[in-house]
A.B. asks: 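So that we are looking at the same thing, I have put the structure below in structure tokens.
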Amino acid sequence: MPGRVLPTFTSAEVQSHNTADSCYITLGRNVYDVTDFLDAHPGGGDLILEYGGKDTTEILKDEISHEHSEAAYEILDDYHIGFVGEATPGKTATIVETVTETENGPIYASTGMSRAEDLSVDTDYTQDFKTHKFLDLNKPLLMQLWRSNFSKEFYLEQIHRPRHYRGGESAPLFGNFLEPLSKTSWYVVPIVWLPPVFYLLSVGAAGLGTSTAAAYFTGGLCLWTLIEYLMHRFLFHIDGWLPDNRVGLTLHFLLHGIHHYLPMDKYRLVMPPTLFVALAAPFYKLAHAVFFYNWYAAVSVFCGGVFGYICYDLTHYFLHHRKLPSYYQSLKKYHLEHHFADYENGFGVTSRFWDRIFGTELVTPPPKGAKAQ
Ligand SMILES: [Zn+2]
Ligand SMILES: [Zn+2]
Ligand SMILES: [Zn+2]
């Protein structure tokens, strides 16, 4: 479904269309030519003319003066002609439309997007901040969130609306010397974790014999796929049980929130080694509790699990950032749908297997507004 390509207007251009002969209004960045609608407006054409060339976000929401229904916004869509751009006169840049348009397929109410490509359209930070009053991408994010007093409900609603920062660069998190610590390149994962996995596995093989150790390792690998599913569904998207305070929200942001907020950020995608150690430690204990009868067995299973994790994190990265062969292409589509369409389904990243078993397989496109949001 290719999006309509609509032109970008300068603010001055929009402001000059303020008469009955040609009347433009804006709603955020969207520009509407409502000239033909003036006579049809239930509140009278003059009311609109008052806002000719101006933004109507506030007045449309203002219940005292003039309440507008969902239907009003739908009517407005028919008059959508473009976007307000940064003031660069003379330049007629174009931008791919990302707004509701039935021929273009559904727009997902919870994310505000309709296609995977929307994930890579730069956010207008200033406008985004004005519209949503969430985080200002011009400033370091972490302290904003910490000091914000956002309610959990608002935080979760906003965090699942993807933004895109400067063509995929990393938005400032700390804004100081700690900044590099917030970034992890994808290749850190295999470099740090493959050597200990092979070392421990060789220890396991020495204690158990190669084929037995291989069997435990494979078992651990299969177990990983389930852990991957359960962690993504119940820990990363803990939404319902997330503590409604700044500690809870900030931790969630660092764990998975930032990946949904800025899904195409290359350096905030794979797990930093420190976080991995914290999450893996309980599983190391668990492996030894379950396979208490043989230390080597426990270690071999654990190695299989960690190897599964490495495959998962690399797969996740490549799904976001590489062109892939056909099997992975459909997996890519599936995972990106988790981002732009329905974050409450599609938790499997390396396969859909557990989504099918547990009934959370992502099916698109659900009709607009089908999800209670
Ligand atoms: Zn979530
Ligand atoms: Zn992702
Ligand atoms: Zn997710």
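Scope of the values below: all heavy atoms of this structure, side chains included, with no hydrogens, waters or symmetry mates. Counting starts at 1 for both ligands and their atoms, following the listed order.
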A.B. asks: Do His259 and Phe236 pass the ring-ring contact (aromatic ring centres under 6.0 Å, His included) test, and can you show the C-alpha distance, the side-chain angles, and the key distance before you say yes or no?
C.D. replies: CA-CA 10 Å; His259 180 55; Phe236 296 175; 9.4 Å; no
A.B. asks: Under a 3.5 Å distance rule, please check whether Thr360 uses its side chain to pair with a backbone N or O of Asn345 as donor and acceptor.
C.D. replies: no
A.B. asks: Please find out if less than 6.0 Å separates the ring center of His316 from that of His232.
C.D. replies: no
A.B. asks: Please confirm whether the ring centroid of Tyr165 lies under 6.0 Å from the ring centroid of Tyr125.
C.D. replies: yes
A.B. asks: Taking the six-membered ring for Trp, are Phe318 and Tyr328 closer than 6.0 Å centroid to centroid?
C.D. replies: no
A.B. asks: Mind listing the protein N/O/S atoms less than 2.8 Å away from the Zn ion (ligand 2)? Waters don't count.
C.D. replies: His259 NE2, His316 NE2, His320 NE2, His335 NE2, His339 NE2
A.B. asks: Step by step, work out the ring-ring contact (aromatic ring centres under 6.0 Å, His included) result for His339 and His335.
C.D. replies: CA-CA 7 Å; His339 282 286; His335 180 64; 4.7 Å; yes
A.B. asks: Please work out the angle at the Zn ion (ligand 3) defined by atom NE2 of His237 on one side and atom NE2 of His256 on the other, rounded to 10°.
C.D. replies: 90°
